[in-house]
Amino acid sequence: MATKKSAIRVAKRLDEVGFSDIVQVRNKVMELRASGVAVHAFHGGEPFFETPEAVKFAMIRALVENKTKYAPSSGIPALREALAQKLQAKNKIHATVDEVLITAGGAHALYAAFQAVLDPGDDMLLFSPYWTPIRDMVTGAGARPMLVPTATARRNGLTKTLEQFSTPHTRAIYYNTPQNPSGVVFSRAEAEEVAAFAIKHDLIVIADEAYEDLVYEGEHFSIASLPGMAERTISTYTFSKTYGMTGWRIGYAVAKEPFMAALRKLVLYSVNGVSTATQWAALEALTIPESVIESRREEYRTRRDVLVHGLNELGLECEPPAGAFYAFPRVTKIHKDSRRVATTLLDKAHVATVPGVVFGAQGEGHVRFGYAVPINAIEAGLEALRKFIK
Ligand SMILES: Cc1ncc(COP(=O)(O)O)c(C=O)c1O
């Protein structure tokens, strides 16, 4: 007689879904700090500056004005209207108010995008190394991530390499620029190539533009602005990185039908909309002048240059990343296993990094340094590395 399976088990679709390795590094750093060790923290991905005062006061004002009731689950019209204008002016994406959806951060927009597009059995092309949660979001939707090595693709041709990793089940491409963790910024010509590939093979593109304001070399270019792409692209954005608002949990997705209706349902049944006062605060963030964003970008550039110069001096080869706020040096000089390198650096030099392999097999041999930290923290971290590496 067949034995009945216990009910005390989780749904199978979560079997292949991991829990962030980066959280494990964070926990270890907290433990070390609690035991009195001063850690040089390069493992994070949060802006070094605080949320602007005007944004905080806008939240307080919203609360005082009793903007505390349910908002439309897709977002307050004033914010969606302002974002439609921003998308038109800055990203050259002609979105209507109804094509903008407010989400609980970029992560939520991406989660909804994968859920809206992927069926079990589908394959998803993923440039690798990739931001770690993406793989789990893809497998959580029942699809198979097909890792496309970014460096090889850029060297040998994007079309040829994408072709190589495509199958009859390929449904979509995850297109992140500027990239986490490599700092790669795809050029307009590369966007055109990916777009032509998507159109030729009738694929959907999920464009992750979380770091759109952090480009030091080249320009940020939104793939959805290309002819024929708006209808097959879901673009995702966040207030986290540009405005120092990681803890506020607000971002947005841009898409046309039929995807927008699906995304709306997913937001409705997951969080039923982002907190109302947070949305009013985000509206205020959009009034921050471009010059402020630009001067922060210059501060990041200085940090990048100090870190990359120091790493290269130590023999940890590192190209200056063109965008985002991460350096991704080769560390095989220390050991070929990046987990072992990250553990050694943390234990011996008290320098916290993230092992490259957690960003996909193509990240092995590297570790990620986040440089969204004060300059003196970068200098102190480099000094600790010098003592350790010599
Ligand atoms: C590539 C990338 N996309 C999206 C996000 C989402 O950020 P959030 O959920 O804070 O908006 C992040 C955050 O680290 C990221 O690195």
Would a distance-only check, ignoring hydrogens and angles, find a side-chain to backbone donor-acceptor pair under 3.5 Å from K265 to A116?
no

Using atom types as modelled and distance alone, determine if a side-chain donor or acceptor of D119 lies under 3.5 Å from a backbone N or O of G121.
no

So, using side chain to side chain donor-acceptor pair (under 3.5 Å) as the criterion, who are the partners of K67 when residues are at least two apart?
E65

Could you see if L118 belongs to whatever hydrophobic cluster contains L101? Use Ile, Leu, Val, Met, Phe, Trp, Tyr and a side-chain cutoff under 4.5 Å.
yes

Within the 4.5 Å heavy-atom criterion, are F359 and Y326 side-chain neighbours or not?
no

Spell out, as yes or no, whether a donor-acceptor pair under 3.5 Å connects the side chain of N66 to the backbone of T68.
no

Any donor-acceptor pair under 3.5 Å from T236 side chain to L110 backbone:
no

Answer yes or no: are there more than 12 heavy-atom neighbours, outside E319 itself, under 6.0 Å from its atom CD?
no

Do I378 and F369 have side-chain heavy atoms sitting under 4.5 Å apart?
no

Checking T103 side chain against G105 main chain: does a donor-acceptor pair fall under 3.5 Å?
yes

Could you please spell out the steps behind the side chain to side chain contact (heavy atoms under 4.5 Å, CB included) verdict for I334 and L345?
CA-CA 10 Å; I334 303 172; L345 292 181; 4.1 Å; yes

Is there a side-chain contact between F42 and L385, using heavy atoms and a 4.5 Å cut-off?
no

Please confirm whether the backbone N or O of K69 pairs with a side-chain atom of T276, one donor and one acceptor, at under 3.5 Å?
yes

Separation between CD of E317 and CG of L311, rounded to the nearest 0.5 Å:
11.5 Å

H335 atom NE2, over 12 foreign heavy atoms within 6.0 Å
yes

Cluster link M260 to V271, ILVMFWY, side chain under 4.5 Å
yes

Reported CZ-to-CG distance for the pair F114 and D136, which is rounded to 0.5 angstrom:
11.0 Å

What about L263 and L87, same hydrophobic cluster or not, with Ile/Leu/Val/Met/Phe/Trp/Tyr joined at side-chain heavy-atom distances under 4.5 Å?
no

Between L126 and V148, is there a shared hydrophobic cluster once you connect ILVMFWY residues whose side-chain heavy atoms come closer than 4.5 Å?
no

Could you check E209, E290, E212 and say which one makes a salt bridge (charged side-chain N to carboxylate O under 4.0 Å, His left out) with K86?
E212

Run the salt bridge (Lys or Arg N to Asp or Glu O under 4.0 Å) test on R301 and E294 for me, step by step, so that the C-alpha distance in whole Å, both residues' side-chain angles and the decisive distance to 0.1 Å come before the verdict.
CA-CA 11 Å; R301 184 196 298 277; E294 212 174 291; over 6 Å; no

Heavy atoms only: give me the nearest T161-A153 pair and the separation to one decimal.
OG1-CA, 3.3 Å

Indicate whether any N or O donor in one side chain lies under 3.5 Å from an N or O acceptor in the other, for H201 and E163.
yes

Does the salt bridge (Lys or Arg N to Asp or Glu O under 4.0 Å) test come out yes or no for K28 and E31, once each step is laid out?
CA-CA 5 Å; K28 182 128 188 242; E31 258 173 50; over 6 Å; no

In this structure, CD of E219 is separated from CZ of R188 (nearest 0.5 Å) by 7.0 Å

Is it true that a side-chain atom of R330 and a backbone atom of G365 form a donor plus acceptor pair closer than 3.5 Å?
no

Judged by atom type as modelled, is there a donor-acceptor pair below 3.5 Å linking the side chain of E16 to the main-chain atoms of T139?
no

Could you work out, with ring pair (Phe, Tyr, Trp, His ring centres under 6.0 Å) as the rule, every residue matching F186, not counting sequence neighbours?
F127, Y175

Check the surroundings of atom CZ in F57: do more than 12 heavy atoms from other residues, nucleotides or ligands lie under 6.0 Å from it?
no

For the atom pair CZ (R232) and CD1 (I204), what is the distance rounded to the nearest 0.5 Å?
6.0 Å

Between R297 and Y216, is a side chain to side chain contact (heavy atoms under 4.5 Å, CB included) present by the stated rule, with each step listed?
CA-CA 8 Å; R297 182 161 51 238; Y216 316 104; 3.9 Å; yes

Would the number of heavy atoms belonging to other residues, nucleotides or ligands and lying under 6.0 Å from NZ of K90 be above 12?
yes

Assess whether atom CZ of R13 is packed by more than 12 heavy atoms of other residues, nucleotides or ligands within 6.0 Å.
no

Can a side-chain donor-acceptor contact be found between N176 and Y130 if the only test is distance below 3.5 angstrom?
no

Residue pair L226, T233: steps toward the side chain to side chain contact (heavy atoms under 4.5 Å, CB included) verdict:
CA-CA 10 Å; L226 289 170; T233 305; over 6 Å; no

Counting C-beta onward and ignoring hydrogens, is there a side-chain heavy-atom pair between M229 and I199 closer than 4.5 Å?
yes

Are V194 and L147 connected into the same hydrophobic cluster when the rule is that any two of I, L, V, M, F, W, Y join if their side-chain heavy atoms are below 4.5 Å apart?
no

Would a 4.5 Å heavy-atom cut-off, applied to side chains only, mark T278 and M245 as touching?
no

Is it true that E299 and R296 have a side-chain N and a carboxylate O under 4.0 angstrom from each other?
no

H108 meets the side chain to side chain donor-acceptor pair (under 3.5 Å) criterion, sequence neighbours left out, with S270

Atom CZ of residue position F239 - does it have more than 12 heavy atoms of other residues, nucleotides or ligands inside 6.0 Å?
yes

Side chain to side chain contact (heavy atoms under 4.5 Å, CB included) between M124 and I134, intermediate numbers included:
CA-CA 11 Å; M124 171 97 204; I134 299 299; over 6 Å; no

Does anything in residues 39-61 form a side chain to side chain donor-acceptor pair (under 3.5 Å)? List the pairs, not counting sequence neighbours.
E46-T246, T51-W248, E53-K56

Look at the rings of Y252 and Y237 and say which category their plane angle falls in: under 30° parallel, 30 to 60° tilted, over 60° perpendicular.
parallel

Quick one, I250 and L79 - any side-chain contact, counting heavy atoms below 4.5 Å?
yes

Enter the distance from R80:CZ to E99:CD here, rounded to the nearest 0.5 Å.
11.0 Å

Exceeds 12 heavy-atom contacts within 6.0 angstrom, atom NZ of K333
yes

F48: what forms a ring pair (Phe, Tyr, Trp, His ring centres under 6.0 Å) with it, not counting sequence neighbours?
Y300

Closest heavy-atom pair, V185 versus E190, reported as atoms and distance to 0.1 Å, is O-OE1, 4.1 Å

From CG (D213) to CD1 (I293), nearest 0.5 Å
5.0 Å

Could you check whether any side-chain heavy atom of R154 comes within less than 4.5 Å of a side-chain heavy atom of V184, counting everything from C-beta outward?
yes

May I have all residue pairs that pass side chain to side chain donor-acceptor pair (under 3.5 Å) and include part of residues 348-363, sequence neighbours excluded?
S128-Q362

For the side chain of E364 and the backbone of A361, is there at least one donor-acceptor N/O pair under 3.5 Å apart?
no

Side-chain heavy atoms of D98 within contact of R264, under 4.5 Å
yes

Quick one: sort the F328 and H366 rings into parallel, tilted or perpendicular, breaks at 30° and 60°.
parallel

Give a yes or no answer on whether the side chain of T132 reaches the backbone of V358 with a donor-acceptor pair at less than 3.5 Å.
yes

